[in-house]
Every structure is written in C-alpha cells, then in structure tokens.
Asks: 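Can you read through this structure? Questions will come right after.
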There are 2 protein chains.
Amino acid sequence: MKGKGDSGTQALDRALDLFEQVLRDRGRTPLARLAARLEIPVSTAHRLVAAFERRHLIARGARGHYLAGMGLADLAPDRRLVLIQASRPLLRRLARQEKRTAHLGILEADMVTYLVKEAGGGTKLFTRELMQLEAYCTGIGKVLLAGLEPAARERYLAGGPFVRLTATTMTDPAELRASLAEIACAGHAVDDAEMAEGLHCLAVPLHDGQGRVTAAISLTGEASPATEDARRALLDALEATAQAIESRLYG
Amino acid sequence: MKGKGDSGTQALDRALDLFEQVLRDRGRTPLARLAARLEIPVSTAHRLVAAFERRHLIARGARGHYLAGMGLADLAPDRRLVLIQASRPLLRRLARQEKRTAHLGILEADMVTYLVKEAGGGTKLFTRELMQLEAYCTGIGKVLLAGLEPAARERYLAGGPFVRLTATTMTDPAELRASLAEIACAGHAVDDAEMAEGLHCLAVPLHDGQGRVTAAISLTGEASPATEDARRALLDALEATAQAIESRLYG
DNA sequence: TTTCATTCTCTCATAATGTGAGCAAATGAA
DNA sequence: TTCATTTGCTCACATTATGAGAGAATGAAA
C-alpha cells in the first residue's frame, strides 16, 4: 500500500514516529495533539507512551506533556566509537583494493587524532591509532581545518608556529590560509611529503547530516600516483568510501 | 501469560529490548548472539534492526555488528529541562498543599541554581528561577554539598570564604563540615534563617538511578513550623514529593 | 467549593499485523 | 578456492495490535 522501504514493522514504525515527535517537541505540545499530527488515536498513543515510560525512555511532565527520559542518557552513543566501528570495514576494503594505507581522523584541540588505521599494501607507516599529529601538515588535518568555521580556522592560523618538517611543509600562515580555501573548494586535500619525506597522501572530508565536516579519511602511499588517471581513480575510490561511511552514519 | 505490566505492546517491547541490547553492547557481540540471548529468531532480529537503521537510531559496524546511530544524539535529553518539567507539577501541588514556596535546585560551579520555584502561600520570596545563590547557607545547597563525593566536598570547603549573612550563618569550614555530615546522615537539611532573616527552609535530596544526589527540593516559609509534629508532617510531604519525582525520572 | 475541559486507563470484538522457518545470495576470512 | 555467517526476502498462519467508547481522575478557572 505504502510502497515504502518498510516491511513488517508498521507498529514499530508508528511507535518510533511518536517517540521522535515527543522527544523533539521537548514537552511543549500535549500528547493528544502530537498523536493527532501523526494520525494516531489517543487511545493508542497512551498505550505506546506507557511502553516507553516503563523503560524511562520517556518521562512525564505536566498533565498531557511528555519528554525525553533519563534512560536515554545511558544509551547515548559515543561518537568516536561509532565513527571507528562504522568506518573500519569500509576503510579496510578500500585499503586492500588500492594497496595503500587508509586513515580516519578527527580534529581535537587543534591536533589530528587518528581513530582508524587500515594498512592495505606493504607500506610500513609510523602512524598508530589514537596517535595525534599536527594538523597543518597532513592531508586529513588540512581537510578538517578547511571544514572549520571561518572564526575557528583563523584562530588556528593565529595559533602557530608551523614548524618545518620537510622541504614542502607549509610554514607561512598566509600560504596555509590560501591552501585551505582551495581545499574547501576542491573537496579534497593533497599532502605531498609535507609531513615526512616520501609520503604521498590524499584526503577527503566526512559530513554529518547538516553538512558539517566531522571527520576525514585518507589514503597514503610511498609514491604519488604515476599518472593523472591513477590519481583520479584513487580520489574516486576515496570519495566513494566517504559516501558509504556517511550513508552508514546519517542519511 | 507473562503477567507483567505490559499490555498490547509485546512487539514494541521486544523491539526495544533488542534496541537496548545493541546499544549497550557497543558493537562487541554479533547480532545473532544478541538475538539468541533475547530468544528472538535471527530473521526477526534483522527485520527489527533494519527498522531502527532506517531512522539512524542504529548504525552498522563490521559484518554482524551494530551500534548506536548518530540519530540518537539529536534526541538526547537536556537534563535540566527534563528535571524542570518533570518536577514542576509535583512541586506546585506540594507548595499549594503546604502553603509554602517549593524550590528545586542543582549544584553548578559551587553555586546553587534554582531551576523551579512554585509559590504556594502568600510568602513573597526574592528568589527567581535560574537565580544562583551560595550553597553553604541554603537548605538545598547544604543537601547538595552533603551529597558530593568526599573529595569534591573538601575542595568546596577549602574554597571559602563563607560570608556571614545573618546571625545563624555558618562561616567556619569545620562547623560546616560537621553539619554536612549530619545532613548526609539524616537525609535532610534545615536552614534556620541562615540565608536571610525570617526564612525557614527544609530540604531533601533527589537521587538518580545509581543513588547519586543530582538535585534537591525544598519548602520555604516565613516561620518555623509551630510544633514538632508540624515539622514532621512537612518533612514527610517533602520526602513523598522527592520520591514521586525520582520515580518519574528513574525507576 | 462547583463547574468544565482534558487527560488517562481499561475493556473487548475485530482484523490487521508481526512472526519465523527456510531458502538463496552476498560477504569476508582462511 | 572453501566455508561459515550474515543478510534479505517470501509466505501461510494466528498471535497481536488496534481504536472506539465509557468512566474515573485531574487541574484550572469561576
């Protein structure tokens, strides 16, 4: 009848519809009105709310008003953990396929934290999971910086100094600012031995439901791709994986 | 058959059982095992998980592993708001019944924040909702301090100075420490014009599911109860209300 | 106090719904 | 490759949710 993706869970779907309504409303609208909005009879709405209330997923406010229950706090997701577990299988596949090392990193206190490392080829890389590196000289770091709010980005740029690590490391804030703008526009970053000699890296951002950059993934190898076509193929695979992870996490 | 408190929501209950299992497990156990633990056939478990996954309440990790979805973050409860809305109707009733002013407060940065004020009698009190007061000289404040971990309590006591506001204000840390110990033991605090002349106040704590003190409620009037029996009745009513609020929020 | 409008709980006959075995395809590790 | 698991799907069946209705409870306003 509905032709939607649901099948055999109409009751659960209706219950969760109401659940989400109640939580989002934050106790402003009486249950009867919320139920009407979803075309759920009051009688049924009460039965459903009671079921959630038993588990402390919903709490009672003033007469007719309900809100999020404290039980939800216990179930709240650890964003880092979810990010790690949801992305790892996809990064592993990508790394093996491209015979390079895949990373996922997030920005924490102006540093990049590597949450996932999946080695695909023989490359021996010094990175470890949970290791922190400077942001300005890594592909993932630059993508994350490029995704910051302008104010936060400027604060970072003012926070220097940016120590030279290789011949290609960017140490001038102005140069870095221009580079970040370009990265934000292009949607990906290149790290050509800026962090360590002989390391080439390609990185793209991960967005949350509202389009904010929350993490980034990268592919690292000992040499740049031989041809422009090879580079393009690498980027495509990386972006496809980014898409896949985003879709696992959000819509 | 089961004789439990559920009625007409067996499908929903089973689905939420699985939901909670998945979330608590944090991706350690494959779905098949979790399902087995709840005596849910794999076939059914997949159908249910898919329903939650559609709403991003559950996300996919490695093959067979599922975890909390990012959608939960949006629905996370604002603890202050829940506390306010769940307690207000009960405090209002209490205030009217006892013809005194009822407050609910929490400890924030060593100060008491009054989240709820319900005036029952004619008493004109200077307090406002969201107003912050010193903790050492109010009933609610003393109950909250008494409920702190010993280390945190000592830190507070070392943080003085404790300014004298009335003739009965406690200004000596040692005296205050002894008083708090007594309060923790008795389960309630008395404020006899320690904050302002002519204000008598009785306060009791609110506990979360693990028994930690998270908030406190009080009844304030312009005079002490005339008799010991009256004082006892007041305390009983206050404790009954505390119980009722706790049961709304937790188990 | 006495309205009065809602909310809330319960029951019950009905049919709409979830159920779960079983099969086949997909997946990932060895 | 092989093998064990996971995953998605279908379908016949009866367990299950459903929602109207009535009465009790509640809280605000007069």
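On a predicted model such as this, the values are computed, not experimentally measured, just so you know. All chains are named by letter (A, B, ...) in the order of the sequence lines, taking the proteins before the strands, and each is independently numbered beginning at 1.
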Asks: So, A/Q85 side chain and B/R26 main chain: donor-acceptor pair closer than 3.5 Å or not?
Replies: yes

Asks: Specify the residue among B/R33 and A/V42 whose closest nucleotide of DNA chain D lies further upstream toward the 5′ end.
Replies: B/R33

Asks: Rounded to whole Å, please give me the gap between CG in B/D13 and C1' in C/dG18.
Replies: 14 Å

Asks: Can you tell me if B/K142 uses its side chain to pair, donor with acceptor, with the backbone of B/D191 under 3.5 Å?
Replies: no

Asks: Distance check needed: C/dT6 P versus A/R60 CZ, whole Å only.
Replies: 19 Å

Asks: Whole Å only: how far is the CD atom of B/Q10 from the P atom of D/dT15?
Replies: 11 Å

Asks: Roughly how many Å is it from CG in A/L48 to C1' in C/dT9, rounded to a whole number?
Replies: 14 Å

Asks: Using whole Å, report how far CG of B/L12 lies from P of C/dG18.
Replies: 11 Å

Asks: Under 4.0 Å between a side-chain N/O of B/R96 and OP1 or OP2 of D/dG27, yes or no?
Replies: no

Asks: Does A/P41 or B/H65 map to a spot on DNA chain D nearer the 5' end, using the closest nucleotide for each?
Replies: B/H65

Asks: Using atom CG of B/L18 as one end and atom C1' of C/dG20 as the other, report the distance to the nearest whole Å.
Replies: 15 Å

Asks: Scan B/P30 against the nucleic acid and name what it touches under 4.0 Å (heavy atoms): base, sugar-phosphate only, or nothing.
Replies: sugar-phosphate

Asks: Using only side-chain N and O atoms of A/R93, determine if any of them is under 4.0 Å from OP1 or OP2 of C/dT27.
Replies: no

Asks: In terms of the nearest nucleotide of DNA chain C, which residue is placed more toward the 5' end: A/A50 or A/A11?
Replies: A/A50

Asks: Using a heavy-atom cut-off of under 4.0 Å over every strand shown, decide if A/R14 touches base, sugar-phosphate, or nothing.
Replies: sugar-phosphate

Asks: For A/T127 and A/H103, does a side-chain donor sit closer than 3.5 Å to a side-chain acceptor?
Replies: yes

Asks: What is the distance, to the nearest angstrom, from the CZ atom on A/R47 to the P atom on D/dT16?
Replies: 14 Å

Asks: Among D/dT10, D/dG21, D/dT7, find the nucleotide with the atom closest to the side chain of A/S43.
Replies: D/dG21

Asks: Below 4.0 angstrom from OP1 or OP2 of C/dC8, is there any side-chain N or O of A/H46?
Replies: yes

Asks: Strictly below 4.0 Å, N to O, side chains only: are B/E118 and B/R92 in salt-bridge contact?
Replies: yes

Asks: Return the CZ to OG1 distance between B/F52 and A/T9, rounded to the nearest 0.5 Å.
Replies: 9.5 Å

Asks: Without decimals, in angstroms, what is the distance between B/R63 CZ and D/dC3 C1'?
Replies: 12 Å

Asks: So, does B/T44 get its side chain near the phosphate of C/dG20, meaning an N or O under 4.0 Å from OP1 or OP2?
Replies: yes

Asks: Which part of the nucleic acid does B/A32 contact within heavy-atom distance under 4.0 Å: base, sugar-phosphate only, or nothing?
Replies: sugar-phosphate

